[in-house]
Amino acid sequence: MERFIEEIKNSDSAPFLFLGSGFSRRYMNTPSWNALLDKCASLAKKNYKQYISKVKKYKAEDSMYLPHIAQMIAEDFEEIWWDDENYKNLREENESLIINYASPLKIAIADYLAKFNLIEDNEELSKEIEALKKINEKNSIDGIITTNWDTLAEGIFDFTSFIGQEKLLFSNVLNVGEIFKIHGCITDPNSMIFDENDYDAFNKRNHYLASKLTTIFIEHPIVFIGYSLRDDNIREILSAIIFGIGEENLRTFGKRIFFIECNFDNDDFIYTTMPVDLPAGKLDITYIKTSNYVEVYEALAENERKFPARLVRQMKSHLYNLLLTDDPKDQIYVATDLKNQEDAEKVQFVYGAGVIEKLSSDGYSVIPNDELLKDIVGLGDKKYDYEKIVTKTLLTPNKHHLPMHTFIRKSKLPVSSIDPKILKRRIKSHNELLSYRNREFMLETVNQRFSNISDILSTEKNREKQLEYALHLYPEKISNTKELKELIISNIDLLENGKANQKTSIRRLIKYYDWLSYRRYKGKTKAL
């Protein structure tokens with residue numbers, strides 16, 4: 001274990017964890033592939049063995065054997081989905097997600113897997129989870145790659161998720177503070193790589209995926225947990241990567257791969273080099289076998305770093321966008337008063353979290369909108385001078401759509417000293433927050449159905465609809481703004497990672513909270 005710690009620490013970059021189904025099965029008791037297909041067969045009202053007996057195209061050891069069975073089940077389930085009243089609510093909630101024959105079963109599977117939670121009544125597993133959380137607290141890894149569909153990794157690590165091959169291929173990934181869910185996620189059922197057609201499409205683009213992952217594999221130690229060395233998915237990914245890096249680099253590449261297997265029936269600890277035969281060549285990896293996961297996680301946590309991966313990713317993203325577009329927007333401060341090439345060569349680059357406020361009072365003119373929105377619900381980690389927010393920040397470009405009530409109240413400024421532009425931008429009624437197109441219909445529908453936010457959360461499981469319904473709930477039904485605040489905080493990740501409509505919803509909801517909580521400020525002269 002000391003050797004493992006030493007080799008991790010000697011790397012230039014922090015490790016990536018590559019998490020397999022065994023990881024989730026251990027901590028959430030999620031089903032194996034076979035057990036999940038058995039469950040799916042029961043949803044299709046058939047015995048799993050009926051499907052096994054129908055397979056003629058593949059042998060049991062073929063990689064497409066189980067995906068082929070999955071496809072047969074999905075085809076049978078489609079008709080049941082539309083006719084069976086047991087799926088009425090699920091159908092209505094997810095009608096927009098139906099894109100092909102497999103969508104109904106994927107939605108049903110996602111709903112089923114979403115009900116699995118961390119096992120809490122096992123002392124040994126609780127110690128392992130705490131050790132995993134220490135890895136996150138000590139910023140000891142740079143990211144995670146996983147083929148798992150569940151959200152366990154997101155629950156432990158405060159990273160940005162990229163769901164599916166396409167997200168990874170076509171997004172600006174920075175290889176730090178990120179979770180790559182290459183087989184999809186239950187939060188987006190259609191992204192799940194499930195049946196034969198899914199795997200065919202996945203494998204056709206596997207070389208593109210491998211090219212994206214190669215950089216990570218070359219620059220970071222990769223720690224596999226929850227996989228078998230015989231796993232076809234892993235073997236194909238490794239094979240595609242080593243095909244691209246060349247035979248002369250295999251030895252160096254293999255030393256960066258740590259494959260951890262647990263044998264809970266044997267206390268022996270094994271740390272050795274093991275050859276793995278792949279279609280593209282033989283790869284010597286570091287193989288670890290142990291009966292104690294806590295020791296493995298504690299060893300990883302020894303690699304403590306000063307800055308959180310999420311913060312490093314944020315800084316890297318701002319710098320990347322500056323270099324790519326030559327436009328700093330409101331993310332970082334760039335001196336632009338260089339008169340000639342000689343001045344440019346003398347310039348010193350200053351970069352850091354919060355550095356603007358420390359270097360200049362002008363920092364208050366470049367605070368990002370999302371940081372101000374987070375501050376409204378108490379998530380900001382900076383101590384702002386709210387007088388400067390009102391007198392400077394809110395008057396800068398691109399700030400006119402922000403909520404105003406919170407900052408006006410916290411500034412404690414007399415009304416007479418506040419710029420009329422700021423006062424004019426305040427939300428004055430609930431209707432101002434709502435889309436005019438379907439406002440009346442949504443108000444009537446939501447308020448007939450729900451009495452309060454708790455009612456929405458207990459009835460509606462789709463979080464996009466939770467936000468939409470909460471926004472349309474009448475003010476008198478939100479007597480406790482704490483519930484609204486908690487709903488916003490639990491979905492605050494949408495500010496950065498959500499789709500366009502999700503970002504709009506969460507921003508409008510923050511405006512609603514701002515109006516409900518702080519609109520009755522009287523200032524020092526008259527009511528606002």
Side-chain angles (χ1 to χ4, degrees), residues 93 369-370 372-380 386 389-390 393-394 398-411 413 415 418-495 498-523 526-528:
E93 291 169 6
N369 287 355
D370 285 355
L372 292 170
L373 290 172
K374 290 177 183 177
D375 187 80
I376 290 171
V377 291
L379 291 179
Y386 291 101
I389 294 287
V390 172
T393 308
L394 296 182
N398 301 320
K399 296 289 189 283
H400 57 280
H401 290 304
L402 284 171
M404 300 288 159
H405 292 286
T406 302
F407 302 122
I408 290 172
R409 170 80 72 88
K410 291 185 176 181
S411 74
L413 288 168
V415 174
I418 298 175
D419 193 298
K421 293 177 186 175
I422 301 296
L423 299 177
K424 190 176 180 180
R425 291 174 189 167
R426 290 168 299 155
I427 294 293
K428 297 177 181 64
S429 72
H430 182 209
N431 281 349
E432 288 183 51
L433 296 163
L434 308 177
S435 170
Y436 179 78
R437 183 170 55 85
N438 61 350
R439 183 174 66 197
E440 297 305 322
F441 170 77
M442 285 298 299
L443 283 171
E444 183 178 354
T445 303
V446 169
N447 287 284
Q448 281 183 356
R449 187 177 174 191
F450 303 109
S451 301
N452 49 49
I453 288 178
S454 295
D455 197 11
I456 293 173
L457 298 182
S458 62
T459 306
E460 179 57 59
K461 299 307 177 187
N462 182 299
R463 71 172 181 164
E464 284 187 46
K465 292 186 177 180
Q466 288 177 350
L467 300 180
E468 185 180 16
Y469 293 162
L471 182 62
H472 287 84
L473 202 63
Y474 288 141
E476 55 267 28
K477 291 190 174 185
I478 308 179
S479 57
N480 183 359
T481 57
K482 183 180 178 182
E483 287 185 335
L484 179 59
K485 180 179 178 180
E486 289 174 352
L487 175 61
I488 292 168
I489 290 173
S490 66
N491 289 279
I492 202 70
D493 62 297
L494 296 177
L495 278 178
K499 299 174 185 175
N501 63 318
Q502 293 172 326
K503 290 181 179 181
T504 299
S505 293
I506 195 70
R507 285 168 181 155
R508 284 182 178 177
L509 210 56
I510 293 173
K511 271 192 173 185
Y512 195 14
Y513 173 79
D514 169 79
W515 178 70
L516 285 171
S517 302
Y518 296 104
R519 70 186 187 274
R520 294 188 177 90
Y521 174 63
K522 296 184 181 299
K526 64 178 180 178
L528 298 183

Exercise for the section: Step through the shown structure and confirm whether more than 12 heavy atoms of other residues, nucleotides or ligands are within 6.0 Å of NZ on K428. Expected result: yes

Problem - Under the salt bridge (Lys or Arg N to Asp or Glu O under 4.0 Å) test, residues paired with D419 that sit two or more places apart - result: none

Fill in the blank from the handout: Applying side-chain contact (heavy atoms from CB on, under 4.5 Å) to K499 and not counting sequence neighbours gives N501, Q502

Exercise for the section: Check the angle between the aromatic planes of H430 and Y512 and answer parallel, tilted or perpendicular using the 30° and 60° thresholds. Expected result: parallel

Practice task
Salt-bridge test for D370 and R507: reply yes if a basic N is under 4.0 Å from a carboxylate O, no otherwise.
Solution key: yes

Exercise for the section: Would you confirm whether S411, through its side chain, and I408, through its main-chain N or O, come within 3.5 Å as a donor-acceptor pair? Expected result: yes

Exercise for the section: Spell out, as yes or no, whether a donor-acceptor pair under 3.5 Å connects the side chain of K465 to the backbone of E93. Expected result: yes

Problem - E464-S505 side chain donor-acceptor pair, cut-off 3.5 Å - result: no

Fill in the blank from the handout: Quick note, ring pair (Phe, Tyr, Trp, His ring centres under 6.0 Å) partners involving residues 442-474, not counting sequence neighbours, are F450-Y469

Handout entry: From CG (L471) to CG (L487), nearest 0.5 Å
Key = 10.5 Å

Exercise for the section: Just do the side-chain contact (heavy atoms from CB on, under 4.5 Å) check on N480 and N452 with the steps written out, would you? Expected result: CA-CA 9 Å; N480 183 359; N452 49 49; over 6 Å; no

Completion exercise
Of L494, I456, I488, N462, the one forming a side chain to side chain contact (heavy atoms under 4.5 Å, CB included) with L467 is L494

